[in-house]
Structure formats: structure tokens, C-alpha cells
There are 2 protein chains.
Amino acid sequence: MIVINATMKDVAKAAGVSIGTVSKVINKSGFVRPQIRERVLLAISLLNYKPNGIARSLKNSKTNIIGVILPGLNDLYSMRILNSIEKVASTKGYKIIYCSTNGEVAREIKSLQWLIEKRVDGILFYPSSEELTDVEIPASIPVVLLERQIKGYNFTAIMHEHIEACRQLIEPLTNKDFQKIIFFHGPIRSSIEWSKVDGIYKTLEYLGIESEDQLFIEVNVKQDKRALTDFMSKTLLKRQEVTAVLSTNPTLLSASIRACQNIELSLEEDIEVCGFGDIDPYGIIMPPIRIAEEQPEELAKVAFNALFEQISKPTKKLNQTFFITHKLIN
Amino acid sequence: MIVINATMKDVAKAAGVSIGTVSKVINKSGFVRPQIRERVLLAISLLNYKPNGIARSLKNSKTNIIGVILPGLNDLYSMRILNSIEKVASTKGYKIIYCSTNGEVAREIKSLQWLIEKRVDGILFYPSSEELTDVEIPASIPVVLLERQIKGYNFTAIMHEHIEACRQLIEPLTNKDFQKIIFFHGPIRSSIEWSKVDGIYKTLEYLGIESEDQLFIEVNVKQDKRALTDFMSKTLLKRQEVTAVLSTNPTLLSASIRACQNIELSLEEDIEVCGFGDIDPYGIIMPPIRIAEEQPEELAKVAFNALFEQISKPTKKLNQTFFITHKLIN
DNA sequence: TTGTATGCGTTATCAA
DNA sequence: TTGATAACGCATACAA
């Protein structure tokens with residue numbers, strides 16, 4: 001008997017038993033006489049029967065899928081987040097549906113709605129802003145946020161703590177003779193950039209250094225590589241008194257390095273460059289610079305576990321914020 | 001009337017119509033009297049009804065999901081592949097389930113089986129070897145392979161062509177005075193490494209250079225960064241006559257650069273380093289070295305389109321191999 | 001121990 | 001134009 005996509009019904013017929021019995025054999029639930037069980041197993045392999053996960057999900061209200069919404073896979077940070085989420089999720093039997101938003105609220109909404117429609121068991125969401133409207137998330141689908149809280153929702157959120165990292169970056173600079181530091185940062189309306197700049201201010205205050213004496217320069221990170229390098233080169237040339245640079249994200253940090261190379265400032269002797277971002281996965285930068293690295297693996301693990309918790313015990317609705325600390329290298 | 005997870009039945013009852021009518025309104029199929037239509041729409045928003053995608057998939061035998069199986073997200077190449085697949089897929093209304101295999105056949109099989117069970121509409125599969133056993137893929141689920149063909153299956157496959165890239169890398173080296181080149185490559189039992197080494201041989205032959213006079217060194221890429229750098233440093237010190245290095249993958253290429261820095265060979269004056277792999281996304285390496293970059297975006301696009309083709313017209317079973325060419329930079 | 005029947009939430013085919 | 005009903009493939013409570 002040849003059946004293209006065999007169902008339990010086909011198996012039942014072939015084995016001369018009822019659907020219920022086949023189901024029991026497959027799910028190892030209840031008891032089935034060994035003899036019959038064998039007949040069923042034989043029929044299954046003969047017909048090359050594959051259970052239909054969709055029907056199962058419908059019946060059980062469980063998909064074993066979680067949705068992961070990220071701005072995109074454009075840097076090592078996002079890549080490592082997704083990589084880790086997938087790894088830890090798969091140890092608990094979950095697969096992931098990955099959605100990118102390109103930082104657009106409209107696409108965030110679309111993704112959320114799609115995932116809700118597909119009845120995923122939970123959602124990990126890295127919002128690109130604190131705003132989100134026009135989407136109500138059913139209480140049956142837990143959501144855990146990455147790196148940001150969303151106004152008016154108060155989900156569980158996991159984010160990096162920046163103040164301590166700022167201290168670790170800045171303090172060594174000031175241990176030596178007094179330095180004039182230039183801080184390159186992105187738009188402070190971004191909450192992440194803001195909290196880094198805030199961390200810098202707090203650190204300076206803690207160290208008894210006047211913020212007014214240092215240079216804070218907001219840079220348009222949307223420029224292309226070349227433009228960024230040029231801008232920083234010019235800035236550094238204009239400010240010859242500067243002896244250290246701290247950049248708050250990988251784009252700016254790499255641009256700082258290119259700028260120094262550009263105007264022939266030696267990272268060894270003339271200027272000290274440090275900042276946030278895993279920009280040198282292959283260890284090529286010489287001399288190695290001091291970097292505060294995000295810990296995406298840690299973030300992913302904590303986030304998934306929080307989500308898993310909520311999936312498993314839907315009653316527990318204790319929304320908290322967890323903080324991850326940076327790792328300082330070199 | 002408060003309903004937690006409203007269904008079409010709830011909507012129908014609330015609007016005082018039948019389920020069939022509600023379905024018609026939602027799917028805009030058939031005609032519904034405007035007045036009734038409004039009533040239904042009202043009920044939908046009142047009850048906060050969300051269609052159940054699982055039930056839809058069951059009914060329509062269509063999930064709008066494709067599975068993507070990759071060895072992992074451990075380098076920029078995989079990242080860009082996944083990124084592009086997701087982007088192009090979403091333009092056609094598909095979401096992706098991402099599965100990592102860590103290069104283990106057992107996990108490849110598990111992933112395939114899981115995706116088959118979930119009845120995804122198609123699968124993009126980057127196998128880590130040419131072997132695969134114990135898994136029969138139903139004809140109803142098209143599969144397109146990335147970078148490799150699997151023995152005994154003969155699926156449509158998309159892969160990079162390496163011979164031309166080898167020519168473009170090697171020819172400039174030989175335009176100058178005769179050079180002694182060292183070729184660092186990975187295990188040639190890997191089909192990708194093999195085809196690169198093959199490309200090198202063919203190029204040398206084409207250029208009339210004796211392969212015997214050049215150095216081919218197979219390197220264990222599983223070593224850690226430090227060990228790799230040391231190994232290459234020693235090799236280069238032993239072979240002072242070498243004036244150029246070609247490495248066949250990003251791990252080896254970056255190690256070559258670190259080795260040169262290590263033993264103070266100037267990339268500008270003493271030695272020429274080139275090879276395969278996008279190791280410098282932030283443009284920090286000075287001087288820029290010549291690199292043959294894979295084109296993951298192109299690969300992803302071609303692969304998805306091939307898959308989409310097969311999903312749309314299941315009859316067409318013309319399995320082919322498509323080749324992508326590298327892009328030479330610097 | 002096994003079989004029957006119902007429901008999960010849709011869509012689609014018919015009658016009405 | 002609308003409504004009733006039968007699938008889709010499976011799990012399960014209950015009857016046999």
C-alpha cells in the first residue's frame with residue numbers, strides 16, 4: 001500500500017487497529033499490547049509516517065517555537081545574541097523564528113502580530129526604540145525584552161549595565177598624568193547611548209574630574225566609513241591636546257582607530273583609544289586596545305531562561321529588569 | 001462579553017452571524033452584505049480576535065515558514081547568509097526557522113526531521129559534510145543546498161566558484177618578479193577547502209608555474225588563535241625565501257596577518273598577504289590586503305529564489321547547481 | 001486493553 | 001448572500 005503523506009488514519013488502517021491505539025503507541029501514553037504495538041510500529045515505518053506537528057500544535061496549544069525579533073544581523077553583537085539564543089533554546093526543545101526589523105517600528109509591529117498569529121510559545125524582542133503602539137500582546141504569550149524597556153508595557157527586560165564599564169574604561173586613563181579625553185558617542189536620544197554617556201558623567205564626577213573640561217562629541221553614526229574617519233581625523237587634528245579617546249560603540253571605536261592611523265597618531269605612544277564594542281574578533285589590532293565588550297551570550301541565556309520560566313509557569317507574572325555587566329579586555 | 005482568546009465562533013456569536021460569514025469577512029472571499037460585514041468587523045475588534053495561524057496552516061497545508069539549517073553563527077559569512085535569507089524571504093511573506101548544527105551530522109538529521117514534522121514550506125540547508133543518512137525528505141518539501149552537494153540526493157545547490165577567485169588572487173603576485181608563495185589551507189577532505197586548493201593548482205598550471213616549487217601547508221584550523229599564530233610565525237621564519245602568503249579561509253588569513261605582525265614582517269615591504277574571507281568589516285587592517293570575499297547576499301538570494309520557485313511550482317523538479325563568484329577587494 | 005467520538009480553529013463546499 | 005457542515009491530523013475522555 002503506497003500512501004504519499006501518511007496520516008495516523010492510514011497507519012491505523014494498515015495495522016488493522018484504531019486511530020486511538022496508534023496515537024498511544026506514538027506518544028507512549030497508556031498501555032498497548034506488545035504484539036499490537038509492534039504491528040503499529042511496523043505500519044509506521046512501512047508507510048513512512050511522520051507525525052504532523054501542525055495538528056499537534058493545534059491540539060495541544062503548544063508550538064515549541066519562540067519568536068526572536070532583532071533590529072537585524074549587522075554586527076557581531078546581534079549575531080552572538082541570536083546564536084546563543086538558538087543554542088540555549090534548543091537545549092530546552094525550542095526552535096526559533098527569527099524576524100528582523102531594520103529598526104523600524106512598523107516592522108516590529110508586523111513581526112509581533114505575525115508571531116502572535118502563529119501562536120509561538122514566547123517572544124524575545126530587541127526593540128529599537130522605547131515606543132510601540134497599536135499592538136496588544138495577549139497575556140498567553142510571554143515577552144522578554146532585550147536592552148530596552150518599552151514605555152507602557154513593563155515586560156521583563158534584560159540589559160547591559162554601563163556605569164561600571166565606563167568606570168573601568170576611564171579610571172586607568174586618569175591614573176597617569178592628567179589626560180584630556182575626547183568622548184565620541186552616538187545620538188543620546190537612543191537610550192543605550194544615553195546610558196553610556198550618563199555613565200561617563202557619573203564616572204567623571206566620581207573621579208572628581210570636571211566634565212566641562214572634557215570633550216563630548218555626538219557623531220552621526222549613519223555616515224559611511226570614509227566620512228566617519230574623515231570627521232574624526234579632522235576633530236583630532238584640531239584638538240592636539242587630546243591624549244585619549246573613548247568611543248561608545250563599535251562603529252565609532254573602529255572609526256577612531258582608522259582616524260588615528262590616518263593622521264599617524266601612534267596608538268602606542270601618542271594617544272590611547274578605548275571604548276565599547278567587539279570590533280576585533282580576529283585579534284589583528286596592534287597594540288591591543290582596551291575594550292568593554294558586551295556579553296551577548298550571557299544576555300541571551302538570562303533572557304531565554306526568564307522567558308522559559310514564564311512559559312512554564314504562566315501564573316508567575318513578576319516582571320523584573322536584569323542587568324548584565326561588560327567584560328573588560330586588555 | 002469578555003473572551004480570553006476569541007475564536008471565529010465567538011466572533012460569529014457576538015455578531016449574530018455564522019462562522020462561514022466571519023471567515024468570508026476575514027479572508028475577503030465571496031460577498032458579504034456591507035451591513036453584516038460591519039457588524040462582524042466590530043465584533044472582531046471588540047473581542048480582540050486574532051486569527052489562529054496554526055489552524056490555518058492545518059487547513060491550508062501552508063505554513064509560510066522555511067527552515068534554515070546552518071552549521072552555526074560563528075563568523076560574518078554565516079551571519080550575512082542568514083541575514084540575507086531572512087530579508088529576501090520576508091519580501092515574499094516567509095518567516096524563517098533557524099537551526100544550528102554545530103557541524104554535527106546528528107544535529108543536521110534532528111533539524112531536518114523537526115522541520116519536516118512542522119511541515120515547513122521549504123528548507124535551505126548548509127550541510128557540513130557530503131554525507132547524510134537515515135533521513136528521507138518528503139517530496140512535498142523542497143530543499144536547496146548551500147555550498148555543498150550531498151551524496152545520493154542531488155538537490156538544487158548554490159555554491160561559490162573558487163577557480164576564478166584563485167586566479168585573481170595569484171596572478172597579481174606573479175606579475176612582479178618571481179615570488180615564492182606559501183599556501184596555507186585547511187583540511188582538504190572538506191570539499192570547500194579542496195576546491196580552493198584545486199583552484200590554486202589549476203591557476204599555477206595556467207600561469208606556467210611549477211606547483212612543486214611552491215609551498216602548500218595544511219593547517220589544523222581547530223587550534224586556538226594563539227597556537228595558529230605561533231605555528232605560522234615559525235613556518236614563516238623557517239622559510240625566509242617566502243615573499244607572499246595566500247590563505248584559503250578567514251581563520252588562516254587572520255592568523256597569517258598576526259604572524260607577520262608577530263615576527264615583524266611588514267605587509268607593506270616584506271611580504272604580501274592575501275586570501276579568502278571577510279576578516280576586516282571595520283576596515284582597520286593597514287595596508288589593506290587583497291581579499292577574495294564570498295558573496296553571501298548573492299548566495300542567499302539565488303538560493304531562496306530557487307527554493308521559492310520549487311515551492312510555487314512543485315512539479316518543476318529540475319535540480320541544478322548555481323555558482324556564485326567571489327568579489328575581489330583591494 | 002482497545003475503539004469511538006469529540007474538539008482544537010480554520011476553510012471550503014453546498015444547500016438554502 | 002448566508003448558514004450548516006465536513007474536512008485538516010491529532011489527542012483524549014469515555015465507552016466497550
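Each chain gets a letter, A, B and so on, in the order its sequence line appears, and its residues count up from 1. Nothing here was measured: the structure is a model prediction, and the numbers come from that model. For the numbers below, each heavy atom of this structure counts, side chains included, while hydrogens, waters and symmetry mates do not.
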Listed nucleotide nearest any side-chain atom of Leu58(A), set dG3(C), dT12(D), dG9(C) | dG9(C)
Is Arg56(B) near enough to dT11(C) that one of its side-chain N or O atoms lies under 4.0 angstrom from OP1 or OP2?
-> yes
For Lys24(B) and Arg37(A), take the nucleotide of DNA chain C holding the closest heavy atom to each; which residue's nucleotide lies nearer the 5' end?
-> Arg37(A)
Going by an N to O cut-off under 4.0 Å, is there a salt bridge joining Lys87(B) and Glu297(B)?
-> no
DNA chain D: 5'-proximal contact among Arg33(B) and Ser29(A) (nearest heavy atom) = Arg33(B)
Is the number of heavy atoms from other residues, nucleotides or ligands within 6.0 Å of CD (Gln320(B)) greater than 12?
-> yes
Given atom NZ of Lys118(A) and atom P of dT10(C), what is their separation to the nearest angstrom?
-> 12 Å
Just call it for Lys50(B): base, sugar-phosphate, or nothing, with non-hydrogen atoms closer than 4.0 Å on any strand.
-> sugar-phosphate
Between C1' of dC10(D) and CE of Met8(A), the distance in whole Å = 6 Å
Using only side-chain N and O atoms of Ser18(B), determine if any of them is under 4.0 Å from OP1 or OP2 of dT2(D).
-> no
Find the distance Arg39(B):CZ to dG3(D):P and express it as a whole number of Å.
-> 8 Å
How would you label the contact of Ile19(B) with the nucleic acid (heavy atoms, under 4.0 Å): base, sugar-phosphate, or nothing?
-> base
Ser23(B) side chain near dT10(C) phosphate (N/O to OP1/OP2, under 4.0 Å) | no
Specify the separation, in whole Å, of atom NZ of Lys9(B) and atom P of dT11(C).
-> 16 Å
Nearest listed nucleotide, side chain of Phe31(A), among dG3(C), dT2(D), dT1(C) | dT1(C)
Hey, does the side chain of Thr7(A) come within less than 4.0 Å of dG9(D)'s phosphate (OP1/OP2), counting only N and O?
-> no
Rounded to the nearest Å, what distance is computed from the CG atom of residue Asn52(A) to the P atom of nucleotide dA11(D)?
-> 10 Å
Side chains of Ile66(B) and Phe308(B) in contact at under 4.5 Å (non-hydrogen atoms) = no
What do you reckon, is NZ of Lys9(B) surrounded by more than 12 foreign heavy atoms closer than 6.0 Å?
-> no
Atom CG of Asn60(A) and atom P of dA13(D): how far apart are they, to the nearest Å?
-> 12 Å
Give a yes or no on whether the backbone of Ser128(A) and the side-chain of Glu108(A) come within a donor-acceptor separation of less than 3.5 Å.
-> yes
For the pair made of CD1 in Ile44(A) and C1' in dC10(D), what is the distance, rounded to whole Å?
-> 13 Å
Measure the distance from CD1 on Ile54(B) to P on dC8(C) and round it to the nearest whole Å.
-> 14 Å
Out of dG7(C), dG3(C), dG9(C), minimum distance to the side chain of Lys59(A) belongs to dG7(C)
